[in-house]
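Data block below; observations after.
Here, residue 1 is the first one in the sequence, and each next residue gets the next number.
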Amino acid sequence: MFKLFGFVSKLSLLDKYSVIYGDRTNLLPDESAELKALAHSILKRLREKDFSCLVRALEKRGGCETPCIFFQTHERLGKRVVVEPQVVLFRIFRLPQIRSLSELKHIAACSPCHDIDGKVCINPFHYSATISSGPVDAILTSFPSVMKMESGESSGFISNLTQSSTCRLDSRTLSSQSTGSVDPFVPGKPWCSIAYWELNERIGPIFEGTSDVINVFETLPEPTGFCLAELNRRNDVSEGTKRVRAQIGYGLQLTRESDGIWIYNRSDYSLFANGPTLIYTNESSPTGKLRHNIVVHKIPPGYSLKVYDYKLSSQVCRAVDSAGVRCSHPDSVRISFKKGWGATLSSKKYCRPLVTSCPCWIEVHLSVAE
């Protein structure tokens, strides 16, 4: 009787949390049915401890840390041998459009000990989907000129409020660089400083980041990191700003990793980000002048983007030096919540041309060693 109850509870979990029911994911009926059957088989084989861990992860939607859940690969489930069980649960509970493990990335909470004795972690909130930042040979570098702002009104960072100079990175030079990863940050010092903005007003003090994993959020089940709700924010703001505040939710996770700085979107709405090692685009301003902007990347919920690449950072600085462009804080990343700005790969017609037109956004200055 106890085993029967456990089996029923596992099936009800699938019914409650699966994202392919009420399907708007364009899965064919046969594919959807097969995915559900495989998920049923995986859940049936979970130990009670692992099942409880999965339930907690699904209830909190990844908002708190849960341990790895290991499952055997190349396991025969029904008529199929499942090579990537982690992909099955990720598609069932997170993003059905993902097709293979090559599209996923382990998040910081996942154990580095993967594929132990043929077992892998199948916790769906220990993975995120990844976004390509574009081909290296398409990179253009541009940096804004120095802004003059009154003391106390600025974080000290440079926002893309003005026109900029531009120079092209030589893809041949990039390809000749070592592919090894080098941590460019100063030992013993905070590796980043984060300022929160609403439109063109900086709110509250700067957050100094020392941990390799930093949560930036409005609310979390187990809050640690930069909590925006604790800042002394004005109430006499537009309804649009209030709505975006209320929709930040779990926000994002900023991680310092072996190959660069990553953003993981843990909210229910898209993030938008740009950074000095992402690709650039040229566009004409309303006045007819050529404007050089970093392409703003859309990061949907559940996705990650490498917003700063160590291998490219030295090339960015070298390109700036060779062009004779004064670069103030080139190692800054800007991230807006829900509302995008500027030009993206999919749209160049945003009504918000500048990041300071976004209701809620953050600026991350990376303390890179010179």
Side-chain angles (χ1 to χ4, degrees), residues 1-72 75 77-78 80 82 84-99 101 103-107 109-110 119-129 215 217-223 246-253 264-270 300-304:
M1 179 64 70
F2 179 78
K3 289 185 177 180
L4 178 61
F5 176 77
F7 175 69
V8 172
S9 67
K10 290 176 180 179
L11 291 183
S12 65
L13 183 78
L14 190 61
D15 292 336
K16 184 176 181 179
Y17 292 106
S18 172
V19 295
I20 64 173
Y21 289 99
D23 199 350
R24 287 182 289 178
T25 57
N26 297 321
L27 295 182
L28 296 174
D30 289 347
E31 183 182 11
S32 178
E34 182 181 31
L35 199 58
K36 294 172 188 176
L38 289 174
H40 279 153
S41 298
I42 292 173
L43 293 179
K44 284 191 296 183
R45 300 192 185 196
L46 289 182
R47 298 176 303 171
E48 290 305 315
K49 180 181 178 181
D50 290 334
F51 180 71
S52 297
C53 171
L54 177 61
V55 170
R56 178 169 169 77
L58 294 174
E59 286 177 344
K60 302 300 182 181
R61 298 183 295 113
C64 57
E65 288 193 15
T66 50
C68 291
I69 304 169
F70 289 104
F71 194 85
Q72 189 74 39
E75 184 84 350
L77 302 177
R80 286 194 55 179
V82 179
E84 298 177 340
Q86 65 272 54
V87 177
V88 174
L89 291 197
F90 189 86
R91 295 183 69 192
I92 280 285
F93 294 119
R94 303 287 307 279
L95 299 170
Q97 62 268 34
I98 297 301
R99 297 292 173 175
L101 189 60
E103 300 175 66
L104 298 182
K105 174 186 181 297
H106 290 280
I107 68 166
C110 195
K119 294 183 178 180
V120 295
C121 177
I122 60 170
N123 187 329
F125 286 95
H126 279 197
Y127 296 87
S128 69
N215 298 317
F217 59 95
E218 185 77 8
T219 178
L220 274 179
E222 297 178 1
Q247 293 165 338
I248 292 173
Y250 291 1
L252 62 95
Q253 196 168 81
Y264 168 40
N265 185 0
R266 302 206 295 180
S267 76
D268 293 329
Y269 299 91
S270 291
Y303 279 77
S304 289

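Below 30°, between 30° and 60°, or above 60°: for Y127 and H106 the angle between ring planes is between 30° and 60°, a tilted geometry.
Looking only at side-chain heavy atoms (C-beta outward), P124 and L58 come within less than 4.5 Å of each other. No side-chain heavy atom of Q86 sits less than 4.5 Å from a side-chain heavy atom of F71. The side-chain heavy atoms of P221 and E59, taken from C-beta on, include no pair separated by under 4.5 Å.
Between atom NZ of residue K36 and atom CG of residue L14 there is a gap of 8.0 Å, rounded to the nearest 0.5 Å. Within the model, atoms CZ of R80 and CG of L38 stand 5.5 Å from one another, a figure rounded to the nearest 0.5 Å. From D50, atom CG reaches atom OG1 of T66 across 11.0 Å, with rounding to the nearest 0.5 Å. The SG atom of C121 lies 6.5 Å from the CD1 atom of I69; values are rounded to the nearest 0.5 Å. If you take CG on L89 and CD1 on I42, they are separated by 4.5 Å, rounding to the nearest 0.5 Å. Separation of atoms OG (S18) and CZ (F93) is listed at 6.5 Å; rounding is to 0.5 Å.
For R266 (side chain) and Q253 (main-chain N/O), no donor-acceptor pair under 3.5 Å exists by modelled atom type. In this structure a side-chain-to-backbone donor-acceptor pair under 3.5 Å is missing from D268 to Q247.
Using a 4.0 Å cut-off between charged nitrogen and carboxylate oxygen, E222 and K60 do not count as a salt-bridge pair.
Minimum heavy-atom separation, F90 to G302: CZ-O, 4.5 Å.
Cation-pi geometry between R61 and Y250 is satisfied (NZ or CZ under 6.0 Å from the ring centre, within 45° of the ring normal).
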